[in-house]
Undergrad: 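This is the structure I have questions about; it appears just below.
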Amino acid sequence: MRGFYGEFGGQFVAETLIPCLDELVESFKKLKKDKKFKDKLDYFLKNYAGRPTPVYFCENLSKKYNMKIYFKREDLLHTGAHKINNTLGQALLTKFIGKKRVIAETGAGQHGVATATASALLGLDCTIYMGEIDAKRQKVNVDKMKLLGAEIKIVKTGTKVLKDAVSEALRDWVSTYDYTHYVIGSVVGPYPFPEIVAYFQSVIGKEAKKFFYRIGEFPDYIIACIGGGSNAIGIFKAFLNDNIKLIGVEAGGINENHHAMSISKGKKGIFQGSLSYVLQDENFQIKEVHSISAGLDYPGVGPEHAYLKNTNRVKYVSATDEDALFGFYETCKLEGIIPALESSHAIGYVLKNKEEFRNKIVLINLSGRGDKDLEIISQECGVGSMKW
Ligand SMILES: *Cc1c(COP(=O)(O)O)cnc(C)c1O
């Protein structure tokens, strides 16, 4: 069946959207072969976003933890994370298919900011849906989006968070798709979105692979944090057929009841237009999720990850808030890099399980920088305080 990864994925949307998704499948197929499109995207990725990003050998962490740790430095990109790879790609796609407007949903605001950024660059009208509670929590990002010229639609229905913003964005799209593209922010949503986002993020793994060819050794492990799963798919994709262990780290949160472990603890269900693992209660309602990092607070996960789990190609584990904070502080202190709390889950998992990785070569995707997280860090522990 088209658009499925094993049994996962599909197009579970209003019937009226199917022709629009069909059209998107066709235009994306064409654009992937369009030299003008690819050249333009490469141009922006290089000169605007700052690609390629380095693969950096973390000498100090490596020495202390008895392994070779490399970081793929997506934190060095414009707007501070990998999300810009996808929003630039989709904004450019919007231009090329002749649409004038984009919409997006955002939880923490990071995808909203990245979408508003690419829209400003390419002169597109931009509307961002955001839950009222999220908008209050993430005022700085709301201000950034406004500065970048986006219209913010505050969602006051339901529980007023991400999942409600998703519903509103889909509703908008149903009535505006002839001039609007929906910029989905991770490898989620109805087909072909998981494929489109994976394509735009796969630049991460391609660059990393080039680097390891050049130095003549390859990692034993590649590790990335999982929200919806786009930075992970982005770095995994180039290595799926290689003899390298791939590990996705979900947000273990505080405890059994407060986490965002959609793959490990979710049940099969439909969310944001596709079938995957979803955190839901006994009445199949989407559960509230918790993580110290706003970017991992997503109740579902991309269908390709569900498939990679069931085929055992990728191992999915979790790191708690505390593990992530540990990884965060160690990276600040030893490497002079302030990592995003999302990426800190991947780092924390490795450092906490150092025996598993002893004398191994480990590549961690540093999906973003942590400047945005200082407020929450100071609330949790006081900046600079070391609990360990
Ligand atoms: C949004 C975000 C994530 C989580 O999204 P994925 O689609 O799972 O990559 C991870 N890291 C950072 C820095 C983010 O901003």
Side-chain angles (χ1 to χ4, degrees), residues 49 53 71-87 89-90 104-115 117 134 138 140-141 144 162 166 183-189 193-194 196-205 222-237 246-251 260-263 272 274 276-277 289 291-306 308 314 316 318-319 324 327-328 331 337-349 364-373 376:
T53 62
F71 283 164
K72 179 69 171 129
R73 298 290 309 273
E74 295 299 291
D75 62 313
L76 295 176
L77 289 174
H78 179 44
T79 67
H82 68 293
K83 286 194 170 70
I84 194 79
N85 302 327
N86 171 46
T87 58
Q90 288 202 53
E105 84 290 338
T106 195
Q110 290 150 241
H111 174 57
V113 170
T115 303
T117 300
D134 289 334
Q138 308 285 344
V140 175
N141 281 339
K144 280 188 192 170
L162 177 67
V166 166
V183 181
I184 285 188
S186 189
V187 284
V188 300
F193 282 104
I196 292 178
V197 179
Y199 174 80
F200 289 134
Q201 292 294 0
S202 64
V203 63
I204 304 173
I222 300 177
I223 297 161
C225 65
I226 307 265
S230 70
N231 85 89
I233 287 285
I235 198 162
F236 291 166
K237 204 94 182 161
L246 308 175
I247 301 179
V249 185
E250 294 196 283
M261 296 163 63
S262 325
I263 305 188
Q272 203 168 5
S274 74
S276 186
Y277 289 114
V289 288
S291 161
I292 192 170
S293 64
L296 301 186
D297 261 351
Y298 184 76
V301 67
E304 191 170 4
H305 283 293
L308 289 168
V314 177
Y316 294 89
S318 66
F328 175 87
T331 306
I337 294 170
I338 300 176
L341 276 177
E342 291 84 357
S343 330
S344 298
H345 284 74
I347 304 168
Y349 176 80
I364 299 174
N365 198 16
L366 196 62
S367 52
R369 63 172 181 243
D371 309 46
K372 66 181 177 59
D373 296 319
I376 184 136

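Read the numbers this way: they start at 1 and go in the same order the structure lists the ligands and their atoms. No experiment lies behind these values; they were computed from the predicted model shown.
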Undergrad: Return the closest protein heavy atom for atom 12 (C) of ligand 1 as residue, atom name and distance.
TA: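 The closest heavy atom on the protein side is Ser367 OG, 3.5 Å.
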Undergrad: Can we say Glu342 and Arg369 salt-bridge, meaning some charged N sits less than 4.0 Å from an Asp/Glu carboxylate O?
TA: no
Undergrad: Would you say the side chain of Leu77 lies within less than 4.5 Å of the side chain of Thr53, judging by non-hydrogen atoms?
TA: yes
Undergrad: Taking C-beta and beyond as the side chain, do Ile292 and Ile376 meet within less than 4.5 Å on heavy atoms?
TA: yes
Undergrad: Measure the distance from atom 14 (C) of ligand 1 to every protein heavy atom, then report the residue, atom name and distance (to 0.1 Å) of the closest one.
TA: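 The answer is Lys83 NZ, 2.8 Å.
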Undergrad: Report yes or no: do His111 and Thr87 form a side-chain donor-acceptor pair below 3.5 Å?
TA: no
Undergrad: List in chain and number order the residues that pass side-chain contact (heavy atoms from CB on, under 4.5 Å) with Val203, two or more places apart in sequence or in another chain; answer none if no residue qualifies.
TA: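 Applying side-chain contact (heavy atoms from CB on, under 4.5 Å) to Val203 gives Arg51, Asn85, Glu207.
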Undergrad: Using distance alone, decide if ligand 1 has a nitrogen or oxygen within less than 3.5 Å of any nitrogen or oxygen in Gly227.
TA: yes
Undergrad: Could you work out, with ring pair (Phe, Tyr, Trp, His ring centres under 6.0 Å) as the rule, every residue matching His305, not counting sequence neighbours?
TA: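 For His305, the residues satisfying ring pair (Phe, Tyr, Trp, His ring centres under 6.0 Å) (neighbours in sequence not counted) are Tyr316.
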Undergrad: If you count the atoms of ligand 1 from 1 in the order shown, which ones are under 4.0 Å from a heavy atom of Gln110?
TA: 14 (C), 15 (O)
Undergrad: Could you tell me which atoms of ligand 1, counted from 1 in the order shown, lie closer than 4.0 angstrom to a heavy atom of Gly368?
TA: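 Near Gly368, meaning under 4.0 Å from one of its heavy atoms, ligand 1 has 13 (C).
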Undergrad: If we set the cut-off at 4.0 Å for heavy atoms, which region of His82 has an atom near ligand 1: side chain, backbone, both, or neither?
TA: side chain
Undergrad: Look only at interatomic distance and state if Ser343 has a nitrogen or oxygen under 3.5 Å from any nitrogen or oxygen of ligand 1.
TA: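 No - when backbone and side-chain N and O of Ser343 are compared with those of ligand 1, no distance drops under 3.5 Å.
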Undergrad: Can you sort out which atoms of ligand 1 are near Asn231, meaning under 4.0 Å from one of its heavy atoms?
TA: 6 (P), 8 (O), 9 (O), 10 (C)
Undergrad: I would like to know whether Gln272 and Tyr298 meet side chain to side chain donor-acceptor pair (under 3.5 Å); could you show each step before the answer?
TA: CA-CA 11 Å; Gln272 203 168 5; Tyr298 184 76; 2.4 Å; yes
Undergrad: For the 3.5 Å polar cut-off, considering only N or O atoms, please tell me whether Gly228 and ligand 1 meet it.
TA: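 By distance alone, the answer is yes.
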Undergrad: With no hydrogens and no angle check, do the side chains of Ser367 and Ser343 hold a donor and an acceptor under 3.5 Å apart?
TA: yes
Undergrad: Given Ser230, Gly80, Pro339, Ala346, which has its nearest heavy atom closest to atom 6 (P) of ligand 1?
TA: Ser230
Undergrad: When rounded to the nearest 0.5 angstrom, what distance separates CZ in Phe328 from CG in Leu341?
TA: 6.0 Å
Undergrad: Heavy-atom pairs closer than 4.0 Å: do any link ligand 1 to the side chain of Ile226, the backbone, both, or neither?
TA: backbone
Undergrad: Within ligand 1, which atoms have a heavy atom of Ala340 less than 4.0 Å away?
TA: 13 (C)
Undergrad: Give the residue, atom name and distance (to 0.1 Å) of the protein heavy atom nearest atom 4 (C) of ligand 1.
TA: Gly295 O, 3.4 Å
Undergrad: At the 4.0 Å heavy-atom cut-off, does Cys225 count as touching ligand 1?
TA: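 It does; at least one heavy atom falls under 4.0 Å.
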